[in-house]
Number of protein chains: 2
Amino acid sequence: MDTIINKVDAKGRVSLPSDYRAIVKELSTEIVCYRSLSSPCIEGCLEETLDKLAQDIETSTDFFSEAQDNLTNLIFGDAKRFPFDSTGRIVLTEKLLKHASIKDSAVFVGKGRKFQIWNPQNWEKEEARIRAEALKNRPSLRPQEKE
Amino acid sequence: MDTIINKVDAKGRVSLPSDYRAIVKELSTEIVCYRSLSSPCIEGCLEETLDKLAQDIETSTDFFSEAQDNLTNLIFGDAKRFPFDSTGRIVLTEKLLKHASIKDSAVFVGKGRKFQIWNPQNWEKEEARIRAEALKNRPSLRPQEKE
DNA sequence: TTGCATCCCATAAAATCCCATGATATACCA
DNA sequence: TGGTATATCATGGGATTTTATGGGATGCAA
């Protein structure tokens, strides 16, 4: 949960937000990150989340399962473990940073079982886009009052 | 639930009204807050309420669905846990306070499984608007006295 | 030896906890 | 019923702990 902006230093180190860390720590000492398939951002989760995804698709009889299978393979091929150090940081790779156009600061965006890491400006735009979309698709949520 | 006004101090702390707290305490030691999509106010609920919502989204679409991606970003990206301290307060963030234009006092409004936190003046207007709307849609309702 | 990655320590800022106080509501008793 | 004692609540300030972040040391590998 939550959206948090942290700095990325010259070594590529970023602090995993403490709220995130608290949750991860209960289950593991590392996270798994990979390039998002759909957006210019990094995605992260626990390894077990990826395993579960693979299992679900294996047992699925879904018509699209083959396509999903391919996507899953893409993710697995890209994914890498990132242990965090004693101060709670991970060291992101050039490949990931480049994919997300991240230079010296990064935004962590919660997604329930996963999270994303964005370039701050790009996330700002993306968030605006998503909000606009949500309002369009649910007219009942449209703001009514003006101030 | 009641409508209660409490002060917000320089640190962003607000007392969760004791009636609210009593209910929350039975199930958790913290609440989850996020910016209302439709109004200039903060919304709060129990984490399980959000989890349920996320589950509904997950089961209605697949892992790679763009719509699901957007919604989970919207919900979990914005929401944040707010544990209350030993005196029953939570510390609201700048982002939330700004969204609701809350400075030094806040109104808690019960909404069933959720509640909202408003800037007092804005809530006054909003309440008037809701009353007017209710009367318009149900002419049989006579105006009762206001307090 | 040199480059790279990991680990460790230091520090400043921020979030959290703890206690004190005043106010309000509730309970109790004459 | 009135009036006082008691408990609960809201609020303020200060102390303590956690976090984020920078710099440097250490170890491994090419």
Side-chain angles (χ1 to χ4, degrees), chain A residues 1-26 28-33 42 44 80-98 102-110 115 117-120 123, chain B residues 1-26 28-34 42 44 47 79-98 102-110 115 117-120 123 147:
Chain A
M1 281 203 218
D2 206 1
T3 295
I4 281 172
I5 184 167
N6 276 344
K7 290 199 175 168
V8 181
D9 69 16
K11 301 177 184 176
R13 296 183 297 189
V14 221
S15 288
L16 197 65
S18 66
D19 284 357
Y20 289 44
R21 225 157 53 217
I23 293 174
V24 173
K25 256 189 184 167
E26 290 174 12
S28 174
T29 58
E30 62 187 17
I31 56 172
V32 170
C33 292
I42 304 165
K80 177 172 169 2
R81 294 199 182 98
F82 292 86
F84 39 84
D85 66 21
S86 59
T87 65
R89 283 180 291 197
I90 57 174
V91 185
L92 293 170
T93 62
E94 265 308 311
K95 185 174 78 175
L96 291 177
L97 291 171
K98 191 178 168 193
I102 291 171
K103 254 184 29 203
D104 52 14
S105 56
V107 175
F108 289 77
V109 183
F115 62 88
I117 312 177
W118 286 77
N119 166 300
W123 167 245
Chain B
M1 278 209 210
D2 216 357
T3 297
I4 283 175
I5 184 168
N6 275 345
K7 288 199 177 170
V8 181
D9 69 17
K11 298 178 184 176
R13 296 183 296 190
V14 220
S15 288
L16 198 65
S18 65
D19 287 355
Y20 290 51
R21 225 158 54 218
I23 295 174
V24 173
K25 256 188 184 167
E26 290 173 12
S28 175
T29 59
E30 62 187 17
I31 56 173
V32 169
C33 293
Y34 51 93
I42 302 165
E47 182 167 4
K80 176 167 160 44
R81 293 203 181 98
F82 291 87
F84 37 83
D85 66 20
S86 58
T87 66
R89 284 179 292 195
I90 57 174
V91 186
L92 293 170
T93 62
E94 267 307 312
K95 185 175 79 174
L96 291 178
L97 292 171
K98 192 177 167 192
I102 291 172
K103 253 183 30 203
D104 51 16
S105 55
V107 175
F108 288 78
V109 183
F115 62 88
I117 312 176
W118 286 78
N119 165 301
W123 168 245
E147 32 196 296

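Numbered from 1 within each chain, the chains take letters A, B, ... in sequence-line order. Worth knowing before you read on, the calculation uses all heavy atoms, side chains too, and leaves out hydrogens, waters and symmetry mates.
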Quick one: list whatever passes side-chain hydrogen bond (donor to acceptor under 3.5 Å, both in side chains) with [X], sequence neighbours left out.
X      : answer
B:T93  : none
A:T87  : A:D85, A:R89
A:W118 : A:Q116

- Item | Overall bend - the helix from C:dT1-D:dA30 to C:dA30-D:dT1, comparing terminal axes fitted on five pairs, nearest 10 degrees |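 One end axis against the other gives 30°.
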Does [X] have any side chain to side chain contact (heavy atoms under 4.5 Å, CB included) partners at least two apart in sequence or in another chain, and if so, which?
X      : answer
B:I4   : B:D2, B:N6, B:P17
B:P83  : B:E30
A:D19  : B:K80
A:K103 : none

- Give me the first and last nucleotide of DNA chain D, going 5' to 3', that has any atom under 4.0 Å from a heavy atom of chain A. D:dT19 to D:dG24
- Query: Can you name the salt bridge (Lys or Arg N to Asp or Glu O under 4.0 Å) partners of A:K7, sequence neighbours left out?
  - Reply: none
Enumerate the protein-to-nucleotides 24-26 of chain C contacts in which both atoms are nitrogen or oxygen and the separation is below 3.5 Å.
none

- Starting at OG1 of B:T3, measure out to CD1 of B:I5 and round the result to the nearest 0.5 Å.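 Rounded to the nearest 0.5 Å, the OG1-CD1 separation comes out at 10.5 Å.
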- Write down the distance between CD1 (A:I5) and C1' (C:dA13), rounded to a whole number of angstrom. 16 Å
- In whole angstroms, how far is the C1' atom of C:dA5 from the CD atom of A:E94? 14 Å
Identify the pairs formed between an N or O of the protein and an N or O of nucleotides 15-19 of chain C at a distance under 3.5 Å, and give each distance.
residue: C:dC17; atom: N4; partner: B:R13; partner atom: NH1; Å: 3.3

- Item | Side-chain (A:R21) to main-chain (A:L16) donor-acceptor, under 3.5 angstrom | yes
- All heavy atoms of B:L97 vs all of B:G12, minimum pair found to be CD1-CA, 4.5 Å
- Message: Using 30° and 60° as the class boundaries, would you call the ring planes of B:F115 and B:F108 parallel, tilted or perpendicular?
- Response: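 Answer is tilted, since the angle falls between 30° and 60°.
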